[in-house]
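What follows is a single structure, written as structure tokens, with notes after it.
Quantities reported herein were computed from a predicted structural model and do not represent experimental measurements.
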Amino acid sequence: MPVITLPDGSTRPFDGAVTGTTVAASIGPGLAKAALAMEVDGRLMDLSAEIGTDAKLRFITRRDPEALEMIRHDCAHVLAEAVQELFPGTQVTIGPSIENGFYYDFHRNEPFTPEDFPAIEAKMREIIARGAAFQRRVVSRAEAVDVFVKKGERFKVELIRDLPADQVITLYSQGEWTDLCRGPHMRTTADIGPAFKLQKVAGAYWRGKPENPVLSRIYGTAWRDQKELDAYLTMLEEAEKRDHRKIGREMHLFHLQEEATGSVFWHPKGWKLYRTVEDYMRRRLDAADYEEVKTPQLVDRRLWEASGHWEKFRHAMFLAKVEDKDEADRTYALKPMNCPCHVQIFNQGIRSYRDLPMRMAEFGACHRFEPSGALHGIMRVRAFTQDDAHIFCEEHQIAAETVRFVDLLSAIYRDLGFTDFRVKFSDRPEVRAGEDAVWDRAEGALKEACVTAGVEYELNPGEGAFYGPKLEFVLRDAIGRDWQCGTLQVDFVLPERLDATYVAEDGTRKRPVMLHRAILGSFERFLGILIEQHAGRFPLWLAPVQVVVATIVDDATPFAQQAAAALRAAGLRVETDLRNEKINRKVVDHIEQRVPVLAVVGRREAEEGKLVLRRLPGREQEVLPLAEAVALLRREGMAPDLSSAPVAAE
RNA sequence: GCCGACGUAGCACAGCGGUAGUGCAACCGAUUCGUAAUCGGUAGGUCGCGAGUUCGAUUCUCGCCGUCGGCACCA
């Protein structure tokens with residue numbers, strides 16, 4: 001006699017095992033209609049599942065987040081059925097729901113193209129209209145194998161064979177079509193509704209392994225209703241407008257060209273932005289007791305052999321040789337990272353525990369031969385500059401240094417407009433160097449430091465570096481892709497390999513621990529994200545051109561030039577627009593160029609020595625005497641780490 | 001690197017087996033016009049690179065390079 005407890009605390013007894021459908025019907029016709037699935041004692045289940053014992057039950061209706069996931073998962077099934085109806089011989093593999101949608105991987109000699117979408121979507125609508133019920137069937141392993149062997153579905157057979165022994169194997173049918181699936185599903189295909197759209201095709205390796213066959217993946221998106229779908233598609237269009245590659249071109253920040261694949265040509269305006277961020281970072285690091293260094297670009301392979309990079313990462317290193325016959329057998333490599341060079345500096349002279357922690361920073365230009373398919377605008381390049389630093393410290397200092405680092409990183413991200421970032425904690429991988437006891441202490445120190453610093457992290461099991469655990473600080477681009485920017489990695493191995501030592505308090509020689517850490521990660525990537533974050537409309541202190549002084553008539557030109565000079569003298573980045581154009585046109589152009597402040601000078605202002613300030617793209621205007629305008633903009637345009645300092649007298 | 005799509009003027013795009021067009025930008029001229037595009041004129045392209053098919057290739061085929069979307073990679 002099961003007693004069902006509902007979320008409001010009320011209970012309902014039943015005579016025997018009941019399905020969710022029955023319970024819903026017993027509560028009311030509205031719920032019976034709305035319930036798509038249910039959660040029984042915390043487990044999501046089909047509405048048609050039987051409940052035989054006392055249980056807590058919650059119905060899932062269209063409004064619940066779980067429903068959205070089910071709509072997408074169900075939609076993936078419908079996609080697979082549609083594809084198999086239209087393209088006989090296509091084999092199915094897997095098709096999960098993902099953020100904002102779903103995909104399904106197919107095996108077919110001829111990959112799908114977007115031209116196939118209209119037919120597939122039409123077929124999907126047909127299947128949804130049929131409204132076949134999702135029917136769950138528990139089968140034995142042998143039976144499951146048999147079903148898919150008969151259908152010639154070798155990928156499914158492989159999946160079944162690899163399922164854990166105690167796994168209950170279930171098949172879900174929607175009408176004639178059956179898939180291996182864990183479930184749960186909604187009641188019928190009709191519950192999916194009309195709000196879905198196929199988006200793109202892509203190649204994907206079977207089970208993610210490059211040695212496996214390439215499958216043809218179809219991505220789609222699905223929502224509760226048309227309104228949500230439209231909103232999502234509009235959001236995607238808006239996101240495209242923020243693309244750093246597009247904005248970089250429009251604002252004349254940088255360009256890329258094939259003679260230097262993966263390297264950025266920074267234009268004057270882009271370089272202003274770069275330098276503004278670099279100057280800011282340098283001040284921040286100085287204030288945080290880092291010491292800046294600069295190390296060689298080209299380093300003999302012997303150092304890379306010693307550090308271990310030669311063995312592990314040679315494939316990603318650019319090599320250089322010279323023709324000189326005496327030098328001909330020497331091989332140099334462009335540094336892919338800075339740490340071995342920093343250890344060389346550490347190793348000059350004898351270090352004492354009193355010197356630690358030593359925080360050695362470098363805006364280090366690195367080159368890595370990234371796979372061609374990985375390149376992406378300025379976010380993933382082959383030549384980049386890290387805001388790198390290595391903290392040489394004693395093991396007991398790891399936690400305190402981590403807290404310091406996280407505090408610094410948070411302050412910097414806040415200043416640059418990022419209050420919302422994710423932290424991933426990657427712990428020991430299977431293949432690793434160092435004893436477990438050391439890993440225990442390092443991981444413990446990092447976790448503790450996160451708690452102290454008030455940072456919430458998600459665990460990323462087994463993803464640590466082979467030399468130590470790490471924290472990754474992840475920012476998201478306009479299109480919703482995640483990028484690792486900041487990182488903190490604990491390293492016990494490199495000091496060993498490169499023989500770094502210090503004299504400890506007890507007079508013995510010890511190995512320092514190295515903390516590899518970066519906040520921006522690479523300037524290139526970070527600036528790409530910064531551009532997208534602000535859609536190119538930077539806060540005044542970051543804007544490459546902060547003020548444009550624009551004239552209305554030629555008579556105003558001398559004063560405009562005088563005003564621009566005064567603004568420049570106050571440290572502002574200023575341009576003049578003296579063109580023979582109407583002010584309307586100038587406003588439009590500078591809005592397009594995402595200039596934050598337009599200072600308009602007409603005949604009146606020229607006579608009175610005033611500026612009309614307009615914050616673009618806004619419409620409000622304020623008229624100020626030149627000196628006041630300069631003081632105001634100067635104050636506003638100051639970097640956040642400077643603006644708290646008292647402003648020097650004019 | 002793998003799968004697919006794409007590569008035409010500075011930018012956005014059109015076109016096509018018969019040696020290229022539109023808009024904006026650029027340049028020249030007129031206009032001096034008070035806050036979301038003034039008017040007129042001129043110039044600009046080995047149609048990514050290389051090879052093949054063809055009387056003839058920007059157009060069709062192949063190779064390479066690059067870009068884009070994924071996958072894989074990301075010390």
Side-chain angles (χ1 to χ4, degrees), chain A residues 103 105 108 110-115 199-219 240 243 245-246 249-250 252 255-262 304 307-317 335-340 366 368-377 379-382 384 386 463 465-467 470 472 479 481 483-484 487 489 491 493-494 516 521-522 525 550-557 578-592 598-605 612-614 616-621 623:
Chain A
Y103 68 79
D105 283 347
R108 183 171 177 242
E110 181 120 346
F112 295 104
T113 75
E115 275 118 64
Q199 292 174 294
K200 52 198 175 189
V201 290
Y205 301 118
W206 166 236
R207 297 189 144 183
K209 299 255 166 53
E211 61 273 21
N212 287 345
V214 175
L215 306 173
S216 186
R217 175 174 297 180
I218 297 178
Y219 282 94
E240 255 176 59
D243 191 309
R245 293 163 296 196
K246 182 175 153 66
R249 206 181 304 117
E250 288 170 358
H252 311 113
H255 87 271
L256 300 155
Q257 70 183 52
E258 61 178 289
E259 286 81 356
T261 308
W304 304 115
S307 70
H309 290 95
W310 189 258
E311 189 198 353
K312 256 198 118 177
F313 305 114
R314 188 179 15 174
H315 63 278
M317 289 163 71
K335 66 176 172 188
M337 51 205 316
N338 308 298
C339 25
C366 296
R368 298 179 190 174
F369 187 74
E370 302 286 0
S372 59
L375 301 176
H376 178 85
M379 309 259 242
R380 186 84 182 265
V381 286
R382 288 179 175 157
F384 53 93
Q386 295 177 315
E463 292 296 312
F466 77 97
Y467 50 70
K470 62 183 180 185
E472 292 171 25
I479 317 165
R481 286 180 287 210
W483 296 91
Q484 183 201 305
T487 182
Q489 309 179 5
D491 184 357
V493 172
L494 200 61
H516 306 245
S522 91
R525 172 174 298 179
T551 50
I552 296 175
V553 291
D554 284 346
D555 291 350
T557 296
L578 309 174
R579 289 177 303 167
N580 176 11
E581 288 289 351
K582 290 188 172 175
I583 193 63
N584 288 320
R585 174 52 180 277
K586 297 188 182 184
V587 168
V588 169
D589 285 350
H590 298 114
I591 287 172
E592 247 171 38
L598 188 67
V600 177
V601 180
R603 195 168 281 126
R604 197 157 62 232
E605 288 72 27
V612 186
L613 299 187
R614 177 168 165 175
L616 301 182
R619 288 176 182 274
E620 301 84 65
Q621 304 171 21
V623 188

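Between the A:R368 side chain and the A:P336 main chain, a donor and an acceptor come within less than 3.5 Å of each other. Judged by distance alone, with hydrogens and angles left aside, the side-chain atoms of A:K586 form a donor-acceptor pair with the main-chain N or O of A:R579 at under 3.5 Å. With hydrogens and angles ignored, the 3.5 Å screen pairs a side-chain donor or acceptor of A:E605 with a backbone N or O of A:G602. The main-chain N or O of A:M379 is found under 3.5 Å from a side-chain atom of A:R525 such that the two form a donor-acceptor pair. Using a distance-only test at 3.5 Å, with no hydrogens or angles considered, a donor-acceptor pair links the side chain of A:R382 to the main chain of A:E370. In this structure, the side chain of A:S216 engages the main chain of A:F112 through a donor-acceptor pair within 3.5 Å. Judged purely by atom type and a 3.5 angstrom limit, A:R614 uses its side chain to pair as donor or acceptor with the backbone of A:G618.
Checking the phosphate oxygens (OP1, OP2) of B:A12, a side-chain nitrogen or oxygen of A:R249 falls inside 4.0 Å. One finds a side-chain N or O of A:Y219 lying less than 4.0 angstrom from the OP1 or OP2 phosphate oxygen of B:C71. When the side-chain nitrogen and oxygen atoms of A:R368 are compared with OP1 and OP2 of B:C74, none of them lie within a distance under 4.0 Å. Listed pair A:S216 / B:C3 fails the phosphate criterion, with no side-chain N or O lying under 4.0 Å from OP1 or OP2. Within the structure, every side-chain polar atom (N or O) of A:R579 is placed at least 4.0 Å from both OP1 and OP2 of B:C27. For the pair A:R525 and B:C74, the criterion of a side-chain N or O lying under 4.0 Å from OP1 or OP2 is not met. For B:A36, the OP1/OP2 oxygens have no side-chain nitrogen or oxygen of A:H590 closer than 4.0 Å.
Nucleic acid contact for A:A550: none, since no nucleic acid atom lies under 4.0 Å from a heavy atom of the residue. Among the protein residues, A:H516 comes within range of no part of the nucleic acid, since none of its heavy atoms lies under 4.0 Å from any strand. When heavy atoms are screened at a 4.0 angstrom cut-off, A:K312 is found touching no nucleic acid atom at all. Among the atoms of the strands shown, only primed sugar atoms or phosphate atoms (P, OP1, OP2) are found under 4.0 Å from some heavy atom of A:V214. Nucleic acid contact for A:A202: base, since at least one base atom lies under 4.0 Å from a heavy atom of the residue. Residue-level contact check: A:E110 touches neither bases nor backbone, having no heavy atom under 4.0 Å from any strand. Counting any heavy atom pair closer than 4.0 Å across all strands shown, A:R380 reaches a base atom. Residue contacts shown for A:P336 include a base, since a base heavy atom lies under 4.0 Å away. At the heavy-atom level, A:A465 lies nowhere under 4.0 Å from the strands shown. Using a 4.0 Å heavy-atom cutoff across all strands shown, A:R614 reaches at least one base atom of the nucleic acid. Contact annotation for A:G602: base contact, defined as any heavy-atom pair under 4.0 Å involving a base atom. Looking at heavy-atom distances under 4.0 Å, A:G521 makes no contact with the nucleic acid at all. Residue-level contact check: A:Q257 touches neither bases nor backbone, having no heavy atom under 4.0 Å from any strand. Note on A:R108: nothing from the nucleic acid sits closer than 4.0 angstrom, heavy atoms only.
Nucleotide B:A12 holds its P atom 13 Å from the CD atom of A:E240, rounded to whole Å. The nearest whole Å value for the distance from the NZ atom in A:K200 to the P atom in B:C68 is 14 Å. In this entry the distance linking CE of A:M337 with P of B:C74 reads 13 Å, nearest Å. Computed from coordinates, the A:H255 NE2 to B:G66 C1' distance equals 13 Å when rounded to whole Å. Note: CG (A:L256) to P (B:G10) measures 17 Å, nearest angstrom. Rounded to whole Å, atom C1' of B:G69 lies 14 Å from atom CG of A:L375.
Of the C1' atoms belonging to B:C47 and B:U58, the separation is 4 Å, rounded to the nearest Å. Here, B:C71 and B:G63 have their C1' atoms 24 Å apart, quoted to the whole Å.
Distance from the side chain of A:V600 is smallest to B:U35 among B:G66, B:G70, B:U35. Among the nucleotides B:A12, B:G69, B:A25, the one closest to any side-chain atom of A:R245 is B:G69. For A:D554, the listed nucleotide lying nearest its side chain is B:U32; candidates were B:U32, B:A37, B:G1. Among the nucleotides B:A75, B:G66, B:U35, the one closest to any side-chain atom of A:Y467 is B:A75. Out of B:U38, B:C73, B:U35, the shortest distance to the side chain of A:P371 is found at B:C73. Of the candidates B:C71, B:U35, B:G69, B:U35 carries the atom nearest the A:L598 side chain, counting heavy atoms from C-beta on. Set against B:G69, B:G4, B:A75, the side chain of A:R481 has B:G69 as its closest nucleotide. Checking B:C3, B:A75, B:A36 against the side-chain heavy atoms of A:Q489 singles out B:A75 as nearest. Residue A:P617 has its side chain nearest to B:A36 when only B:U38, B:G69, B:A36 are considered. When the nucleotides B:C2, B:G34, B:G66 are ranked by their closest atom to the side chain of A:Y205, B:C2 comes out on top.
For B:G34, there is no paired base (Watson-Crick or G-U wobble, both distances below 3.5 Å). Across the strands present, B:A57 finds no partner; the criterion is a Watson-Crick or G-U wobble pair with both atom distances under 3.5 angstrom. Pair check for B:C2 finds B:G70; Watson-Crick or G-U wobble, both atom distances under 3.5 Å. In a base pair of the Watson-Crick type (N1 to N3 plus N6-O4 or O6-N4) or a G-U wobble (N1-O2 and O6-N3), with each distance short of 3.5 Å, B:C11 is matched with B:G23. In this structure, B:U46 makes no Watson-Crick or G-U wobble pair, since no nucleotide meets both defining distances under 3.5 angstrom. Of all nucleotides present, none satisfies the Watson-Crick or G-U wobble test against B:C16 with each distance under 3.5 Å. Base pairing of B:G40 is made with B:C28, judged by Watson-Crick or G-U wobble geometry with both donor-acceptor distances under 3.5 Å.
Considering only heavy atoms from C-beta on, A:Y205 comes within 4.5 Å of A:V214 through its side chain. Put simply, the side chain of A:E472 does not reach to within 4.5 Å of the side chain of A:E463, judged on heavy atoms.
In terms of position along RNA chain B, the nucleotide closest to A:R604 lies nearer the 5' end than the nucleotide closest to the other residue of the pair A:E581 and A:R604. Between A:S372 and A:D243, the residue anchored nearer the 5' end of RNA chain B, judged by the nucleotide with its closest heavy atom, is A:S372.
For A:E259, the CD atom is densely surrounded, since the number of other residues' heavy atoms within 6.0 Å is greater than 12.
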